[in-house]
Asker: 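Shown below is the structure under consideration.
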Amino acid sequence: MRNRIRCLLHAVWHSQYQGFVCLALVLMVMAGPVSAKQTLLVMGDSLSAAYNLPSEQGWVALTAARMKSTHPAWQVVNASVSGETSAGGKSRLPAALKTHKPALVIIELGANDGLRGLPLTQTRANLQAMIRQAKVGGAKVLLIGIQMPPNYGKVYTDGFAAIYTDLAKQEKTALLPFLLAPIAMDRSYFLPDQLHPNAKGQIKLRDHVWPALKPLL
């Protein structure tokens, strides 16, 4: 490489443009390769889409803001959609993977399946398919779980929670068992609908997710 540069310098030394050419060559050598940012893709529902809040107040945007200083080589794409089910996420994921080519995917889905009382086997199959699609694309996965209120019955609520722990173990993915764990028992962290976190609650969620996310960055 050095010999090639010497030859080029010699060839242009007496050129009328010698100053410009030499400067260009020096800048090319000094610049080196430009490293592309790695992408974190978030596939979630309203809990990750900052429902009824400015987008910058959601836990995903707050995490992205933190990562700008702690992990500047990363960028965050939030593909979360309010009302999304695991089936909807599964159908959207292939296009998102193709477009963004993420190195890491957060899957936070299932809450709307549970609230509709959809079969556990269906939710599990959809989430498993998403995990496998992401891994085939070369991405690591952080699976974030949710829990159903007790009025759905012990069999359903226990089975629902087990979807996430079982899949994480089987598919060897990182797991955060319950997204709302730090705020679930304190209604002051929720919007008037008592389902979605408010701005204070979103900060709590950011700090709750971070310890599970950070080792994957």
Side-chain angles (χ1 to χ4, degrees), residues 37-86 88-89 92-93 96 100 102-116 123 127 130 134 139-150 152 157 160-161 163-165 168 173-217:
K37 282 185 175 290
Q38 292 183 291
T39 298
L40 163 60
L41 174 67
V42 182
M43 299 290 297
D45 48 36
S46 57
L47 296 176
S48 297
Y51 177 81
N52 266 8
L53 293 172
S55 60
E56 63 270 16
Q57 292 184 5
W59 73 264
V60 176
L62 294 173
T63 298
R66 172 179 285 177
M67 288 170 59
K68 282 185 178 179
S69 59
T70 62
H71 296 78
W74 284 81
Q75 62 182 354
V76 179
V77 174
N78 190 0
S80 301
V81 175
S82 293
E84 186 72 287
T85 61
S86 62
R92 290 193 301 116
L93 183 57
H100 303 294
L104 174 59
V105 177
I106 289 180
I107 300 174
E108 179 278 301
L109 287 168
N112 291 306
D113 297 47
L115 292 175
R116 298 177 188 183
T123 301
L127 292 175
M130 292 185 70
K140 292 180 286 187
V141 175
L142 171 58
L143 182 63
I144 296 183
I146 195 71
Q147 294 181 10
M148 289 295 103
Y152 279 74
T157 56
F160 191 89
I163 289 174
Y164 300 95
T165 54
T173 68
L175 171 69
L176 185 67
F178 185 25
L179 176 63
L180 301 180
I183 66 173
M185 303 306 293
D186 189 339
R187 308 321 294 175
S188 69
Y189 288 111
F190 287 83
L191 293 171
D193 65 10
Q194 292 297 296
L195 291 174
H196 297 93
N198 58 26
K200 292 191 306 179
Q202 297 287 346
I203 295 173
K204 289 281 189 179
L205 297 190
R206 176 201 62 186
D207 294 341
H208 180 50
V209 172
W210 185 248
L213 173 60
K214 185 178 179 181
L216 303 175
L217 299 174

Asker: Report the distance from atom CG of Leu213 to atom CD1 of Ile144, rounding to the nearest 0.5 Å.
Answerer: 8.0 Å
Asker: Is any side-chain heavy atom of Ile183 closer than 4.5 Å to one of Leu205?
Answerer: yes
Asker: Restricting to pairs with a member in residues 198-217, which pass side chain to side chain donor-acceptor pair (under 3.5 Å), not counting sequence neighbours?
Answerer: Arg66-Asp207
Asker: Quick one: closest heavy-atom pair of Val105 and Ala134, and the distance?
Answerer: CG2-CB, 4.0 Å
Asker: Go through the steps for Ile106 and Val141 under the test side chain to side chain contact (heavy atoms under 4.5 Å, CB included), then give the verdict.
Answerer: CA-CA 6 Å; Ile106 289 180; Val141 175; over 6 Å; no
Asker: Hey, could you give me the CD1/CG distance between Ile163 and Asp113, rounded to the nearest 0.5 Å?
Answerer: 8.0 Å
Asker: Using every non-hydrogen atom in the two residues, find where Leu53 and Ala199 come nearest and quote the distance to one decimal.
Answerer: CD1-N, 3.9 Å
Asker: Provide the closest heavy-atom pair for Glu56 versus Leu62 in the form atom of the first, atom of the second, distance.
Answerer: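 The answer is O-CD2, 3.7 Å.
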Asker: Between Asp193 (side chain only) and His196 (backbone N and O only), is there a donor and an acceptor less than 3.5 Å apart?
Answerer: yes
Asker: Between Ala50 and Gly58, what is the shortest heavy-atom contact and its length?
Answerer: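 Closest heavy-atom pair between Ala50 and Gly58: CB-CA, 3.7 Å.
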Asker: Is Tyr164 reaching over with its side chain to a backbone N or O of Leu176, donor-acceptor style, under 3.5 angstrom?
Answerer: no
Asker: Starting at OG of Ser80, measure out to CH2 of Trp59 and round the result to the nearest 0.5 Å.
Answerer: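 Atom-to-atom, Ser80:OG and Trp59:CH2 are 7.0 Å apart.
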Asker: Donor-acceptor check, side chain of Thr39 to backbone of Pro102, threshold 3.5 angstrom: yes or no?
Answerer: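 No; zero donor-acceptor contacts below 3.5 Å.
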Asker: Let me see the working for Leu40 and Met67 under side chain to side chain contact (heavy atoms under 4.5 Å, CB included), right down to the final yes or no.
Answerer: CA-CA 10 Å; Leu40 163 60; Met67 288 170 59; 4.1 Å; yes
Asker: For Ala111 and Asp45, which heavy atoms make the closest approach, and how far apart are they?
Answerer: CB-OD2, 3.7 Å
Asker: Hey, mind stepping through Tyr51 and Leu195 against side chain to side chain contact (heavy atoms under 4.5 Å, CB included) and telling me if it holds?
Answerer: CA-CA 10 Å; Tyr51 177 81; Leu195 291 174; over 6 Å; no
Asker: Give a yes or no answer on whether the side chain of Arg92 reaches the backbone of Ala79 with a donor-acceptor pair at less than 3.5 Å.
Answerer: yes
Asker: Should Thr85 and Asn112 be marked as a side chain to side chain donor-acceptor pair (under 3.5 Å) after you check the CA-CA gap, both sets of side-chain angles, and the distance that decides it?
Answerer: CA-CA 5 Å; Thr85 61; Asn112 291 306; over 6 Å; no
Asker: Can you see which heavy atom on Leu216 is nearest to which on Trp74, and at what distance?
Answerer: O-CZ2, 4.2 Å
Asker: Just how far is it from atom CE of Met43 to atom CD of Glu84, taken to the nearest 0.5 Å?
Answerer: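 Answer rounded to 0.5 Å: 6.5 Å.
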Asker: Hey, could you give me the CG/CG distance between Leu47 and Leu179, rounded to the nearest 0.5 Å?
Answerer: 6.0 Å
Asker: To the nearest 0.5 Å, what is the distance between CG (Leu109) and OG (Ser48)?
Answerer: 8.0 Å
